[in-house]
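The structure displayed is predicted, hence computed values, not measured ones. Order of the sequence lines sets the chain letters (A, B, ...), proteins ahead of strands, with each chain counted from 1.
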Amino acid sequence: MEKIDIPKRYDVKSREKYWKEFWEKKQIYKYEKPKDKSKVFKIDTPPPTVSGKMHVGHSYSYSQMDFIARYKRMKGYSLFYPFGTDDNGLATERLVEKINNVKGTNMERHEFIELCRKTVDNLREEFVDDWKKIGVSADYNMFYSTINEDVIKISQKYFLDLVKKDRVYRKENPTLYCPNCKTAIAQVELEDLERESKMNYIEFKVKKENENDVDSFIIGTTRPELLSSCVAVFINPEHELANKLEGKKAIVPIFNFEVPIIKDEGALLDKGTGIVMCCTFGDQKDIEWYKQYNLPLKISIKEDGTLNENAGKYEGLKIKEAREKILEDLKEKNILKKQETVKQVVNVHERCSTEIEILHSKQWFIKVLDMKEELLEAGNKFKWHPEHMKNRYDNWVKSLKWDWCISRQRFFGVPFPVWYDEEGNVIFASEEELPVDPLKDKPKGYEDKNLIPEKDVMDTWATSSLTPIIATELFGNSDFDFYYPFDLRPQAHDIISFWLFNTVVRSLIHKNTIPWNNVTISGWVLDPKGRKMSKSKGNVINPQDVIEKYSSDALRYAASIVKLGDDAPFQEKDVQTGYKTANKIFNAVKFSINFLEGKEKYLENKEENFIDKWILTKLSKTIKNYNESFEKYNYSEARRKIDEFFWKYYTDNYIEFSKHRLYNDKDENMYSTLFKTTKSVIQLYAPFMPFVTEEVYHYYNFDSEESIHKTIIEDYNYNYEYEEKLGDLLMDIIVEVRKKKTQNQKSMKAKVESIKIRLKEEELKLIEEKKEEFELELKNIMNIQHIEYTIEEGERIKEIKIE
RNA sequence: GGGCCCGUAGUCUAGCGGCUAUGACGUCGCCUUUACACGGCGAAGGUCACCGGUUCGAUUCCGGUCGGGCCCACCA
């Protein structure tokens, strides 16, 4: 261990930078494979999306997982703790478009991909450095990017495994589509948006078959532009016209074709008129009806968001233009009976807030709907922290309606290793050829054949759902017996239905087992008033600014206050508390080490007095509780335990009690306790505040490790019941004496002539057993000349005479 | 519509069948004591949302009410 001189002050800025570089240079967090697989702790680290800067939510959730990682390391585990970035997909494309002021759809595909790659490569190092700055102790040698060749290869390999296991298919299907991003999206990428809209009441004629037939009826719709896609009319069975209309044909206005009228409870009485037109496709309900009644398919909207030839004279118009034009025409013909403004909630794409459309197109899907049972079972097999987060997973699995669409009509992603021949047969790459880009490469045996490459790329989740597999393949020598399942998946609750769910799916399919044994779900960091942070509200807090103003340790401390699963407001005062705690650790340890220096020969002394036994008992209990909390992944409880020990017992009392012994008595027997408690304090704080603890560890030769983070937390089993009680009593009395001194406006060292202490009988007995020692301490600590006791109820100090 | 979480001093919170309800910030007062004034010691501040029930005893457990938040579904 490299010992350093103790400075007068702890210079946070330069020292945090120094230790960050020290850890990297000395490879303190480098993974080393042990022989025994039970001695590895494997973390499925979330790969953040390279998006410029780490945000404050990241800084909390990654700190929280790092508390656990560091604790486990200090319990003797080898940490399999990789770090990757999720670089492909729409999020990156949008960033690249913004930075370079380009549009992917307007560029040559290979140029755009090249630009994406370059942009991400440029940003990555600085981006990842934010994680190093907050002290995330991953092994950055085990780094991957989801867009690098090695990961593309793995992603394609497991795609082929899906093919082999018959879990993937390509099919023309109703597909959620974003006209703005011009790509298919998955169910999970939808978001609700409330907006105002017009409900239009439109008259449909009935094809009359005899005299008594109803002439016409009125439907309500917000999407008149879809009239040309109408394939049926549904009427609620309770509707007064239900029986009269059932089985008849309705005539769609303007377009004048006939559609059947069908009774169905799905047509709600209190919505619109209780009669609704079903268009393929206006919304998800239409798909249900389409499937249930085997309705024909009639698509009117093209992928670019304009109407197609089915729309007749409206062809070529954009959706909104068509809506206006049709309404005009309907009005003119007096078919539009009424309009009213309604509040409507629509599905939008979460990345661009564009209203989604449902189109019919060929996409690749992973079969998941038939796995629901298996998936629910899997959710029971790993532990959820906190437990109630499992509900979200269960809810999601039970309500699944779509297979998982993994193809995207975008550019910067993992290519499908797929071609089509002239007859439309699908040709897959073979594993040895991977990675392939079908746009450039051809499969073996087809070199001179005419093949159509699959142009779609995979959704980013199709790759990030493989993170534990990727890590094992890349850094674990593909030794799944050794590494699988992982110990921990840490992540936030907003992506339970994305990343967590997807990873379980892939793990069940490829490895036939759950991916991890524990998941910890962290919450969101809200603004100080408890609202979501967003750029538009201007209430975003940057972790970089917080670090600059305080320190990484301080930020981590604030993160340790928030419990798993809780959404919590960002509170600067918590960061301040962290800052103060780090400062206090520095000072307290500096004080202790000052006296420990050169006293190594006394460290084995066993002649502890009752104060030593008292503090050692408190320490033992603290470590026990600390361990128990951490074993439950409850880092905030663990931190509270060490805080309590540190402030209430160690600094405010033990050190104060010890001063007279250190300065005056030169009591040789106290060094071993001072050493143990001080070292433990540093160790127990190390998972939370890795920088300041590393700093003070190097002020003294605590042991031979080159870093505090390589030391093992020692457990102690001191349990001196009598001394603990006596120490508590001493503390109680001293608190009272301090109170009296404060009330009398005296300093703590003011000399006390005499003091009368009220006690309970059993307390007096306690003292009498070691009266001389007890009084000596009390007198020395509080500068008291004479002590008397009375046995009665009331405030502890009956009277105090101060000189 | 279904599900989940949460209501504790001015603010953020700990606790969760039984001592005087935890700690932090803020407020006020005192103390320049040789680790720290980036400090120490104290004080004030609470109907533990409300109403019932279980219990010898409820902030804690159960039911309901009100309020806040989240997830999912529906959304013509």
Distance-only side-chain donor-acceptor flag, [X] / [Y], under 3.5 Å:
| X | Y | value |
| --- | --- | --- |
| A/D643 | A/Y557 | yes |
| A/E777 | A/H660 | yes |
| A/N634 | A/H385 | no |
| A/S14 | A/D11 | yes |

Nearest-Å distance once atom [atom1] is located in both [N] and [M]:
| N | M | atom1 | value |
| --- | --- | --- | --- |
| B/C41 | B/U55 | P | 46 Å |
| B/A21 | B/A73 | P | 46 Å |
| B/U27 | B/G69 | P | 30 Å |
| B/A49 | B/G10 | P | 13 Å |
| B/C62 | B/G68 | P | 23 Å |
| B/G64 | B/C71 | C1' | 24 Å |
| B/G39 | B/U59 | P | 37 Å |
| B/G17 | B/C56 | C1' | 12 Å |

Please report the distance, rounded to the nearest Å, between [atom1] in [X] and [atom2] in [N].
| X | N | atom1 | atom2 | answer |
| --- | --- | --- | --- | --- |
| A/I655 | B/G40 | CD1 | C1' | 13 Å |
| A/K390 | B/C72 | NZ | C1' | 15 Å |
| A/M748 | B/U32 | CE | P | 10 Å |
| A/N391 | B/A73 | CG | P | 16 Å |
| A/Q743 | B/G42 | CD | C1' | 8 Å |
| A/D643 | B/U13 | CG | C1' | 13 Å |
| A/R392 | B/C71 | CZ | P | 6 Å |
| A/R639 | B/G15 | CZ | P | 11 Å |

Which part of the nucleic acid does [X] contact within heavy-atom distance under 4.0 Å: base, sugar-phosphate only, or nothing?
| X | result |
| --- | --- |
| A/K271 | base |
| A/K198 | nothing |
| A/N347 | base |
| A/M199 | sugar-phosphate |
| A/W647 | sugar-phosphate |
| A/F586 | nothing |
| A/K580 | sugar-phosphate |
| A/K659 | base |
| A/V589 | nothing |
| A/S636 | nothing |
| A/R9 | base |

Cation-pi check, [X] onto [Y] ring (under 6.0 Å, within 45° of axis):
| X | Y | result |
| --- | --- | --- |
| A/K285 | A/W289 | yes |
| A/R15 | A/Y10 | no |
| A/K659 | A/F591 | yes |
| A/K338 | A/Y201 | yes |

Residues in contact with RNA chain B, drawn from residues 259-268 of chain A - heavy-atom cutoff 4.0 Å:
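By residue number: A/G266, A/A267, A/L268.
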Strand-adjacent residues in residues 570-577 of chain A, judged by heavy atoms under 4.0 Å from RNA chain B
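Under 4.0 Å from RNA chain B: A/Q571, A/K573, A/T577.
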Base paired to [N] (Watson-Crick or G-U; both N/O distances under 3.5 angstrom):
| N | answer |
| --- | --- |
| B/C41 | B/G29 |
| B/G1 | B/C72 |
| B/U47 | none |

For A/H388 and for A/K401, locate the closest nucleotide of RNA chain B by heavy-atom distance; then report the residue assigned to the nucleotide nearer the 5' terminus.
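Residue closer to the 5' terminus by nearest nucleotide: A/H388.
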Map A/I219 and A/E656 onto RNA chain B by nearest heavy atom, then report which one ends up closer to the 5' terminus.
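Mapping each residue to its closest nucleotide by heavy atoms, the 5'-most match is A/E656.
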Spell out, as yes or no, whether a donor-acceptor pair under 3.5 Å connects the side chain of A/Y393 to the backbone of A/L375.
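Yes; judged by distance alone, with no hydrogens or angles, the pair exists.
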Side chain A/D286, main chain A/G282, donor-acceptor under 3.5 Å
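Checking the backbone N and O of A/G282 against the side chain of A/D286, a donor-acceptor pair under 3.5 Å is found.
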Would you say a side-chain N or O of A/K749 is under 4.0 Å from OP1 or OP2 of B/C31?
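For B/C31, OP1/OP2 do not have a side-chain N/O of A/K749 under 4.0 Å.
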Verify the contact: side-chain N or O of A/K741 to OP1 or OP2 of B/U33, cut-off strictly under 4.0 Å; return yes or no.
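No, no such contact exists.
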Which nucleotide in [options] has an atom nearest any side-chain atom of [X]:
| X | options | value |
| --- | --- | --- |
| A/K532 | B/C71, B/G42, B/U13 | B/C71 |
| A/D652 | B/G40, B/G2, B/C72 | B/G40 |
| A/Y579 | B/C41, B/U13, B/C38 | B/C38 |

Take A/D732 and A/R796 through the salt bridge (Lys or Arg N to Asp or Glu O under 4.0 Å) test and state the conclusion after the steps.
CA-CA 8 Å; A/D732 283 358; A/R796 190 137 253 154; 3.5 Å; yes
Can you tell me whether the side chain of A/K739 and the base of B/C41 have a donor-acceptor pair closer than 3.5 Å?
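Absent.
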Least distance between heavy atoms, A/D264 atom then A/Q292 atom
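Heavy atoms of A/D264 and A/Q292 come nearest at OD2-NE2, 3.9 Å.
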Going by side-chain hydrogen bond (donor to acceptor under 3.5 Å, both in side chains), A/S216 matches just one of A/E203, A/K337, A/K205. Which one?
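Of the listed residues A/E203, A/K337, A/K205, the side-chain hydrogen bond (donor to acceptor under 3.5 Å, both in side chains) partner of A/S216 is A/E203.
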